[in-house]
Amino acid sequence: MLKALIFDVDGTLADTEGLHLEAFNHAFRQEGLDWHWGVDEYIRLLDISGGRERLMHYWHSVNPDHKEVEAGAVKDLVARLHETKTAYYENAVLQGAVTLRPGVLALMSEARAQGLQLAIATTTSPVNIAALLRTAIGPDWRGHFLAVGDASNAPIKKPHPQVYMKVLADLGFRAADCVAFEDSSNGLRAAAAAGLKTVVTPNRFTAHHDFKGALRTVADLTQVSVPRLREWHAQ
Ligand code: XBP
Ligand code: MG
């Protein structure tokens, strides 16, 4: 029986990666670094889940001959960059820079009205989730979700299943009682590794990803209703 819907955030609830990219480039300028990520490069870098992890990966790629002694300084630089980036991103989201993708709010409302539980399973940080959902749903947004897994309580990033395992434990449901929603192959692999059936809604940053094994791949959630989800879930 379908009991809960578990939503990824970036690229699934909202098309946020363009703004994340803008925020990273802002942080590089603030730090006086001559780094600039273009869209194509960022699409490649999205293979690394997690903003901090992505920054560390990039630092190593542009500093192949670094010495171990620099490790502490690099960690500090990455932490500073990620903090600046997150502040810029949060502020822009609170100013209304991104909206939920088509069909997301309607499906969430219909699901809650039909007694299904909602949950979040994301790689990003709590401030980013709060900014997005407070703007889109309102100050009581947290009450709409029975469980929220994010960078603060599931530090091992997708495609590792940790965040989905944590959310299933917090929901108290089996994977078989839930459906996940994702936009990327890392996300699909994380959900699948946790035993979850997954509906994928690709976006311009992930359209080229491999979504083999997805329950369904759809352009967006406008055609996805709870009866249809129950039908797919039962198949
Ligand atoms: C996708 C990610 C995130 C964002 C950046 O998250 O990999 O890291 O790109 O956000 P999701 P942070 O699992 O929601 O698709 O800088 O906050 O990590
Ligand atoms: Mg995503």
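First listed ligand is number 1; within each ligand, the first listed atom is number 1.
Atom OD1 is the N, O or S atom of D183 at the shortest distance from the Mg ion (ligand 2). The atom name of the N/O/S atom in D8 closest to the Mg ion (ligand 2) is OD2. For D10, the N, O or S atom with the smallest separation from the Mg ion (ligand 2) is O.
For G50, a nitrogen or oxygen atom sits less than 3.5 Å from a nitrogen or oxygen atom of ligand 1, counting backbone and side chain alike. Close N/O approach between K85 and ligand 1 is found [any backbone or side-chain N/O within under 3.5 Å].
Hydrophobic clustering places V62 together with V78 (ILVMFWY residues linked when any side-chain heavy atoms are closer than 4.5 Å, directly or through intermediates). Cluster membership for L2 and L118, using ILVMFWY side-chain heavy atoms within less than 4.5 angstrom, is shared.
Of the candidates V163, D10, V9, the one placing a heavy atom closest to atom 4 (C) of ligand 1 is D10.
In this structure, atom 11 (P) of ligand 1 lies nearest to the protein heavy atom D8 OD1, 2.9 Å. In terms of protein heavy-atom proximity, atom 17 (O) of ligand 1 is closest to T124 OG1, 2.5 Å. The nearest heavy-atom contact from the protein to atom 13 (O) of ligand 1 is T123 OG1, 2.8 Å. Of the protein's non-hydrogen atoms, the one nearest atom 18 (O) of ligand 1 is G51 N, 2.7 Å. Atom 14 (O) of ligand 1 has T122 OG1, 2.5 Å as its closest protein atom, hydrogens excluded (heavy atom only).
The 12-atom threshold is exceeded at CE of M56, counting heavy atoms of other residues, nucleotides or ligands nearer than 6.0 Å.
Taking 4.5 Å as the limit, every side-chain heavy atom of V163 sits out of range of all side-chain heavy atoms of D150. Residues V179 and V199 have side chains in contact (heavy-atom distance under 4.5 Å, counting atoms from C-beta outward).
With a cut-off of 2.8 Å, the Mg ion (ligand 2) has no N, O or S atom of E17 in range.
Here is the list of ligand 1 atoms found below 4.0 Å of a heavy atom in R54: 2 (C), 3 (C), 4 (C), 5 (C), 7 (O), 8 (O), 9 (O). Within ligand 1, the atoms closer than 4.0 Å to a non-hydrogen atom of S125 are 17 (O), numbered from 1 in the order shown. Using a 4.0 Å cut-off to heavy atoms of N128, the atoms of ligand 1 that qualify are 17 (O). Listed by atom number, the atoms of ligand 1 under 4.0 Å from S49 heavy atoms are 7 (O). Against a heavy-atom cut-off of under 4.0 Å, H82 is close to the following atoms of ligand 1: 12 (P), 16 (O), 17 (O), 18 (O).
By the criterion of a heavy-atom distance under 4.0 Å, neither the backbone nor the side chain of K157 is placed next to ligand 1. For E17, every heavy-atom contact with ligand 1 shorter than 4.0 Å involves the side chain, none the backbone. Counting heavy atoms closer than 4.0 Å to ligand 1, residue Y42 contributes side-chain atoms (C-beta onward) but none from N, CA, C or O.
Between W35 and F24, the distance from one ring center to the other does not fall under 6.0 angstrom.
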- Checking ring pair (Phe, Tyr, Trp, His ring centres under 6.0 Å) for the pair H20/Y89: CA distance, chi angles, key distance, verdict? CA-CA 6 Å; H20 280 295; Y89 177 88; 4.0 Å; yes
- Task: Mind running side-chain contact (heavy atoms from CB on, under 4.5 Å) on F173 and I6 for me, showing each step along the way?
- Result: CA-CA 11 Å; F173 296 152; I6 307 174; over 6 Å; no
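When every heavy atom of A121 is checked against every heavy atom of V167, the shortest pair comes out as CB-CG2, 4.1 Å. R101 and P202 make their closest contact through NH2-O, 2.9 Å (heavy atoms, listed as atom of the first residue, atom of the second, distance).
With respect to D170 and K166, a salt bridge is recorded, a charged nitrogen being found less than 4.0 Å from a carboxylate O. A salt bridge links D8 to K158: at least one charged side-chain nitrogen sits closer than 4.0 Å to a carboxylate oxygen.
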